[in-house]
Number of protein chains: 2
Amino acid sequence: MQLGNELDERKRIILKAIIQTYLETGEPVGSRTISKYTDLNLSSATIRNEMSDLEELGYIIQPYTSAGRIPSDAGYRLYVDELMKEKEKEVSEIKELMIEKTDKMEKVLKQVVKILASNTNYATMITGPTYHRNKLKFIQLSKVGEMQLLAVVVAEGNLVKNQIINLQEPMDEETVLKLNLLLNTQLNGLSIEEINLKMISRMKEQAGIHSDVVGSVVDAVAKAIATDDEEMEIYTSGATNIFKYPELADTSKASELISAFEEKQELAEFVKDTMESSENGEKGTGIQVYIGNESPVKTMQDCSVVTATYDLGGGMQGTIGIIGPKRMDYENVVDNLKTLKNQLDHIFKKT
Amino acid sequence: MQLGNELDERKRIILKAIIQTYLETGEPVGSRTISKYTDLNLSSATIRNEMSDLEELGYIIQPYTSAGRIPSDAGYRLYVDELMKEKEKEVSEIKELMIEKTDKMEKVLKQVVKILASNTNYATMITGPTYHRNKLKFIQLSKVGEMQLLAVVVAEGNLVKNQIINLQEPMDEETVLKLNLLLNTQLNGLSIEEINLKMISRMKEQAGIHSDVVGSVVDAVAKAIATDDEEMEIYTSGATNIFKYPELADTSKASELISAFEEKQELAEFVKDTMESSENGEKGTGIQVYIGNESPVKTMQDCSVVTATYDLGGGMQGTIGIIGPKRMDYENVVDNLKTLKNQLDHIFKKT
DNA sequence: TGTTAGCACTCATTGATGTGGAGTGCTAAC
DNA sequence: GTTAGCACTCCACATCAATGAGTGCTAACA
């Protein structure tokens, strides 16, 4: 935005041409190529002069003396912020993603990353919706064995968790019923912050000899409602797509990248970052582009990462991400993410 | 076994020496090395003669003229079957795997693969116990919304599944109770094969206007009990360990291998194969070694795979696997798997 | 007959060298 | 302001020789 003004129209066109050619080929692009590529009808010499300027301004880089130029991080940034938009309307056919309606969200998510990965040829990730200040909807204790209870906890958004509780001593059906009633009347509609110690100890009193069960159940409840960072499941796909881009495929880089995918906790950085900046309401599209150094994760400084949050209302939101080389096809990626965002809204609102 | 007899003692020692040196170094081993390595006190020339014989017999291979020798698949096989055992008693200190007791099996499994991967420096996989002819233990329908029921199905082994059922029309608490009773009395203790169409249609009759709910519940039951191959979750870890072995680390191979890990369905082949042969009761240790071509998966012909089944009694069993280069440290791997097997038994029997 | 020393030979690996070509920067002319 | 021309740079690639690990063979030895 601020930098863009120092560029006249011709420079912008040339820069755009350079970047686009580089996106396709992945190899430094020279002045002759551009002189043919554009409809400016300029000789390579003129282009060379302009390119020299562009390099001085920091938008392109010469990997070594007398080689072609490649975009710098700043160049990509300008391209994403401004140059790309001018073309945006052109290609925008909405591809129908074939997501069959399944009951389990987990499956949907796994399918989504998979489709996205094969659509874009990049590595992809997705998190399920995380529930901020989620409220308790329903608790059900059932006897499933002599000394075992099953606690089923349902939170808002129909997030179901269950936990087996091993008892110290047998419990009859009637007591189970009583406990059920107690738990539901006391805890129903509360969020995790609202369940305080006082309340728990009061309930334990009322439960009499079975106070330890109350403790276990409250634990289960806490687990069901609180979705802390560790809990958060991140699904990934297409990690091996990075082998398709020579600049990332050499053994050491690939190893690091794929490790990051496997461990997943580095990916959580993006989720956190994206969530934060989407709260600050930048742009409003909820789409975030990290180019090279802009990434919060060091191991991904040779990559670009594009993330989007999908928002299901009611405080539930998740994150989708695409990780690829810096020369990723930003237009296509952003496009894909946008349509996917809508689709996810659609699916989950129905469910 | 049958082939082993054509080898005299000296040849066996030399072969063993060759293999062990190769396991360490990963490079073709020459005669001079062996002449120093062994306590046979033979000159390199003599060793050369023996090696020539061993090559003719098919146990070792010369990658190119006048290079050292590397073990062939047959060589590894002999090593695993016979040579290795002679040393087995030596190193067998049981490493205590620090598996903290958690409630969720999923977490235990994820932790186990992780530990195993970092212990062995190979890629690892594990499946949860699959339940053959599993029986229904308990069904609980609960109303969680105006038009929504939650079906919780508990099968033997405390395998819990839940499913949200969307109703066509509201249902009052009383009906829910009645349905609960109906389902439990009819289906309790049955395995999936025993639930036939006749039974379902009879239940639908008794359910009256809510017959569609019965259908949904039975579906949920089926899903909970039947653990078909697709359902089966395979957890993996340490996929990037393959980068540590140059013979697997070149881009094309690594890409294929890691893809296989990501997709997981190739890994299911091993699970199936291992299960079958463990049923046939070979050896009795339940540990299976696939060397190179012996593998049922083509993409892993440059690897060796060692699998083990852990058995929890009651028809529940799962599979652990380690995937590495052919020159993997078989002794250590087998050892690790054995102790892990025991630990898993221990953990899950407690749970 | 089994073992060993010696020697010629093979072949992957490594580093040096040279060439071709893509691309630049600069200058001079239009 | 634009362009043609030219010298220059530097990577990529191929070629070549030197190196050295390792073999196979032969002949001598115990």
Side-chain angles (χ1 to χ4, degrees), chain A residues 7-15 17-22 24-72 75 246-247 249-251, chain B residues 6-15 17-22 24-72 75 246-247 249-250:
Chain A
L7 294 179
D8 59 22
E9 188 60 18
R10 200 171 72 177
K11 282 198 173 51
R12 299 170 78 91
I13 294 177
I14 291 176
L15 177 56
I18 293 174
I19 296 185
Q20 277 173 351
T21 331
Y22 183 70
E24 283 169 28
T25 65
E27 273 168 15
V29 7
S31 53
R32 236 180 85 84
T33 317
I34 296 301
S35 107
K36 277 185 271 177
Y37 184 98
T38 54
D39 37 1
L40 288 173
N41 271 333
L42 290 176
S43 80
S44 60
T46 314
I47 304 283
R48 274 204 289 284
N49 290 330
E50 296 285 30
M51 281 168 89
S52 183
D53 292 353
L54 283 172
E55 181 164 20
E56 206 167 336
L57 290 170
Y59 292 113
I60 51 180
I61 291 175
Q62 220 171 359
Y64 49 85
T65 342
S66 76
R69 307 300 216 289
I70 63 174
S72 70
E247 62 264 49
D250 82 273
T251 335
Chain B
E6 66 198 18
L7 294 179
D8 58 24
E9 188 60 19
R10 200 171 72 177
K11 282 197 172 49
R12 300 169 78 90
I13 293 176
I14 291 175
L15 178 55
I18 293 173
I19 297 186
Q20 278 174 350
T21 332
Y22 184 70
E24 283 168 28
T25 66
E27 274 168 13
V29 8
S31 53
R32 236 180 85 85
T33 317
I34 297 301
S35 106
K36 276 185 272 177
Y37 184 98
T38 54
D39 37 1
L40 288 173
N41 270 334
L42 291 176
S43 81
S44 61
T46 314
I47 304 284
R48 276 203 288 284
N49 290 331
E50 296 286 31
M51 282 166 90
S52 183
D53 292 353
L54 284 171
E55 181 165 20
E56 207 165 335
L57 290 169
Y59 292 113
I60 51 181
I61 292 175
Q62 223 173 356
Y64 47 85
T65 343
S66 77
R69 308 300 215 291
I70 63 175
S72 70
E247 63 264 50
D250 82 275

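The chains referred to below are lettered A, B, ... by the order of the sequence lines, with proteins before strands, and numbering in each begins at 1.
In this structure, the CG atom of A:L40 is 10 Å from the P atom of D:dT2, given to the nearest Å. Counting to the nearest Å, the C1' atom of D:dG1 and the CG atom of A:D8 are 13 Å from each other. In this structure, CD of B:E50 is placed 14 Å from C1' of C:dT1, rounded to the nearest angstrom. Rounded to whole Å, atom C1' of C:dC11 lies 11 Å from atom CD of B:Q62. Summarising the geometry, the separation between NZ on A:K36 and C1' on C:dA22 is reported as 12 Å, rounded to the nearest angstrom. Atom CZ in B:R48 sits about 11 Å away from atom P in D:dG22, given to the nearest Å. Atom pair B:R32:CZ and D:dG22:C1' shows a separation of 11 Å (rounding to whole Å applied). Following rounding to the nearest Å, A:D53 (CG) and C:dC26 (P) show an atom-to-atom distance of 12 Å.
Map B:N41 and B:S66 each onto its nearest nucleotide of DNA chain C; the residue landing nearer the 5' end is B:N41. Toward the 5′ end of DNA chain C lies the nearest nucleotide of A:P28, the other residue of the pair A:A45 and A:P28 mapping further downstream.
Atom CG of A:D39 has 12 or fewer neighbouring heavy atoms from other residues, nucleotides or ligands inside a 6.0 Å radius. Within 6.0 Å of CD in A:E247 there are more than 12 heavy atoms belonging to other residues, nucleotides or ligands.
Using a 4.0 Å heavy-atom cutoff across all strands shown, B:T46 reaches at least one base atom of the nucleic acid. As judged by a 4.0 angstrom heavy-atom cut-off over every strand, B:A67 is placed among residues touching the sugar-phosphate backbone only.
At D:dT23, one or more side-chain N or O atoms of B:R69 fall inside 4.0 Å of OP1 or OP2 (strictly under the cut-off).
Considering only the side chain of A:S52, C:dG25 comes nearest among D:dC10, C:dG25, D:dG24. Between D:dT2, D:dC11, D:dG5, one nucleotide has an atom nearer to the side chain of A:Y64 than all others, and that is D:dC11. Comparing D:dT3, D:dG24, D:dG22 by their nearest atom to the side chain of B:E55 picks out D:dG24. Of the candidates C:dA12, C:dA5, C:dT10, C:dT10 carries the atom nearest the B:T65 side chain, counting heavy atoms from C-beta on. Out of D:dA4, D:dG24, D:dG22, the shortest distance to the side chain of A:S43 is found at D:dA4. Comparing C:dC11, D:dT23, C:dC26 against the side chain of B:M51 picks out D:dT23 as the nearest.
At least one side-chain heavy atom of A:L15 sits under 4.5 Å from a side-chain heavy atom of A:I19. Counting heavy atoms from C-beta outward, B:L42 and B:I34 have side chains that stay 4.5 Å or more apart.
Side-chain atoms of B:T21 come within 3.5 Å of backbone N or O of B:A17 as a donor-acceptor pair.
Going from atom CD of B:E50 over to atom OG of B:S31 covers 12.0 Å, rounded to the nearest 0.5 Å.
Pairing partner, D:dA14: C:dT17, with both Watson-Crick or wobble hydrogen-bond distances short of 3.5 Å. Pair check for C:dA29 finds D:dT2; Watson-Crick or G-U wobble, both atom distances under 3.5 Å. With a cut-off of 3.5 Å on both Watson-Crick or G-U wobble distances, the partner of D:dA21 is given as C:dT10.
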